[in-house]
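The structure under discussion appears below in the form of structure tokens.
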Number of protein chains: 2
Amino acid sequence: MDQLPVRQRGQCCQVTIELPSEVAEQTVEVLKALADPTRLQIVAALARSQQPVCVCDLTTAFELSQPTISHHIGKLKAAGLVTSEKQGIWVYYSLRGDLLPAARRLVDAATADGAVPLASATQTRAGVGG
Amino acid sequence: MDQLPVRQRGQCCQVTIELPSEVAEQTVEVLKALADPTRLQIVAALARSQQPVCVCDLTTAFELSQPTISHHIGKLKAAGLVTSEKQGIWVYYSLRGDLLPAARRLVDAATADGAVPLASATQTRAGVGG
DNA sequence: CAAATACATTGACAAATGTCTATGGCTCTG
DNA sequence: CAGAGCCATAGACATTTGTCAATGTATTTG
């Protein structure tokens, strides 16, 4: 960190691209699915809940329109994070139990709550009330 | 998973929002920073590299214009994931060493390569060569 | 000071995204 | 079968995002 590389003007080093593009694409797919407050909360709720959850529950919880919730769940489903189970007029959603370890780790890391806030306490922010 | 909740028509259960909105916002900020192939590769490269990396290296590695790389790095910096160190005409970037555990876990999970691919081997895909 | 190099910033633009309203499909109840 | 409830889909629209060309700033070299 303190030892900076020695450089010459007009010449750059080689940086190796670490992740196979296929792996990167797949990872980005999951990250994008999680990178929305509503979807992150949905995933967190599904991860916590022992019982599957239907769309109407989420609609009331998030104060968003039903199509919007459906849209979000559709994205989570497309990313392979959730699975659905229809019963009568309800469709119950739950976190996929057969998530591959890499995806599972991402979900765990993204929904881990009590552990530690992301922002350090030293970074005081004014006006976060809503 | 097999025991679906009992419901009445016209009445929904309560789904508790798990994450404090502030935590969710912060997490989403990091997720969005990682949810781009180029930025994910940059972070992976920085995580692997012992030596700080300058913009020109990344520009040559990703075949993107220099302003685009600067733009991506700016996002990573805004998300608090990378830090910069200027020396002469070069600006060296590295992964922040003081990442909070939650952010660190996200970065680790997103850049973990060799471990396991996200897609199971059963999902064969045609035409991934590039 | 003038030229060259590395990086940041600005402005522009197409594509993707999040949201809503309106509508359609499916299932249960009378 | 008709109505009602739950969910998905389609279309519209404003915002965000990723990218580039052009330009500005800072630093080294001559």
Side-chain angles (χ1 to χ4, degrees), chain A residues 4-13 15 24-25 28-43 52-79 82-94, chain B residues 4-13 15 24-25 28-43 52-79 82-94:
Chain A
L4 294 180
V6 179
R7 311 300 294 260
Q8 286 188 10
R9 293 170 71 93
Q11 182 177 352
C12 288
C13 297
V15 166
E25 300 283 346
V28 164
E29 202 68 18
V30 174
L31 288 169
K32 285 169 79 171
L34 296 173
D36 174 90
T38 301
R39 290 197 293 270
L40 182 62
Q41 294 281 12
I42 291 177
V43 169
V53 169
C54 66
V55 174
C56 61
D57 298 331
L58 300 171
T59 301
T60 61
F62 291 102
E63 297 182 350
L64 288 173
S65 71
Q66 173 265 316
T68 298
I69 298 293
S70 268
H71 165 74
H72 283 309
I73 287 195
K75 288 215 162 189
L76 293 175
K77 204 170 179 181
V82 307
T83 181
S84 62
E85 195 174 352
K86 183 165 186 176
Q87 169 154 327
I89 58 179
W90 296 286
V91 179
Y92 290 96
Y93 286 93
S94 50
Chain B
L4 293 181
V6 179
R7 311 301 294 261
Q8 287 187 10
R9 293 169 71 93
Q11 183 178 351
C12 289
C13 297
V15 167
E25 299 284 345
V28 164
E29 203 67 17
V30 174
L31 287 169
K32 285 168 80 172
L34 296 172
D36 174 90
T38 301
R39 290 196 295 269
L40 183 62
Q41 294 281 12
I42 291 176
V43 169
V53 170
C54 66
V55 174
C56 62
D57 298 332
L58 300 170
T59 300
T60 60
F62 291 103
E63 295 183 349
L64 288 174
S65 71
Q66 174 265 316
T68 298
I69 298 292
S70 267
H71 165 74
H72 283 310
I73 286 196
K75 289 213 160 190
L76 293 175
K77 204 170 179 181
V82 307
T83 182
S84 63
E85 195 175 352
K86 183 164 185 175
Q87 169 154 332
I89 58 178
W90 295 287
V91 178
Y92 290 96
Y93 286 93
S94 50

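Not measured: the values here are computed from a predicted model. Lettering follows sequence order; numbering is per chain, from 1.
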Can you check whether [X] has a side-chain N or O nearer than 4.0 Å to OP1 or OP2 of [N]?
| X | N | answer |
| --- | --- | --- |
| H71(B) | dT17(D) | no |
| Y93(B) | dA6(C) | no |
| T68(B) | dG18(D) | no |
| R7(A) | dT5(C) | no |
| K86(A) | dC6(D) | no |
| K32(A) | dT17(C) | yes |
| S70(A) | dA8(D) | yes |

For DNA chain C, whose closest nucleotide is more 5', that of Q11(A) or that of K75(A)? Q11(A)
Take C54(B) and S65(A), find for each the nucleotide of DNA chain C with the closest heavy atom, and name the residue whose nucleotide sits nearer the 5' end. C54(B)
Distance-only donor-acceptor test, R9(B) side-chain atoms vs dA4(D) base atoms, 3.5 Å: yes
Report yes or no: is there a donor-acceptor pair, N or O only, under 3.5 Å between the side chain of Q66(B) and the base of dA6(C)? no
Using the side chain to side chain contact (heavy atoms under 4.5 Å, CB included) rule, take Q11(B) and C56(A) through it: C-alpha gap first, then chi angles, then the decisive distance, then the call. CA-CA 9 Å; Q11(B) 183 178 351; C56(A) 61; over 6 Å; no
With respect to [X], which candidate in [options] satisfies the side chain to side chain contact (heavy atoms under 4.5 Å, CB included) definition?
| X | options | value |
| --- | --- | --- |
| K75(A) | H71(A), H72(A), K77(A) | H71(A) |
| D57(A) | V53(A), V55(A), T59(A) | V53(A) |
| L76(B) | V30(B), I42(B), L40(B) | I42(B) |

Candidate nucleotides [options], ranked by approach to the side chain of [X] - the nearest:
| X | options | value |
| --- | --- | --- |
| P67(A) | dA22(D), dC7(C), dA22(C) | dA22(C) |
| I89(B) | dC20(D), dA6(C), dC7(C) | dA6(C) |
| V91(B) | dT19(C), dC7(C), dT27(C) | dC7(C) |

L58(A)/I73(A) under side chain to side chain contact (heavy atoms under 4.5 Å, CB included): CA gap, chis, key distance, verdict: CA-CA 10 Å; L58(A) 300 171; I73(A) 287 195; 3.5 Å; yes
To the nearest 0.5 Å, atom CG of L34(B) lies from atom NZ of K32(B) at 12.5 Å
For [X] and [N], give me the distance from atom [atom1] to atom [atom2], rounded to whole Å.
| X | N | atom1 | atom2 | answer |
| --- | --- | --- | --- | --- |
| H72(A) | dG18(C) | NE2 | C1' | 6 Å |
| E85(B) | dA6(C) | CD | C1' | 16 Å |
| L76(B) | dT17(D) | CG | P | 13 Å |
| L58(B) | dT19(D) | CG | P | 13 Å |
| R39(B) | dG18(D) | CZ | C1' | 8 Å |
| Q87(B) | dC7(C) | CD | C1' | 15 Å |

Whichever of I73(A) and A35(B) has its nearest DNA chain D nucleotide further upstream toward 5': I73(A)
Students often get this wrong, so: under 4.0 angstrom with heavy atoms, is K77(B) touching a base, only sugar-phosphate, or nothing? nothing
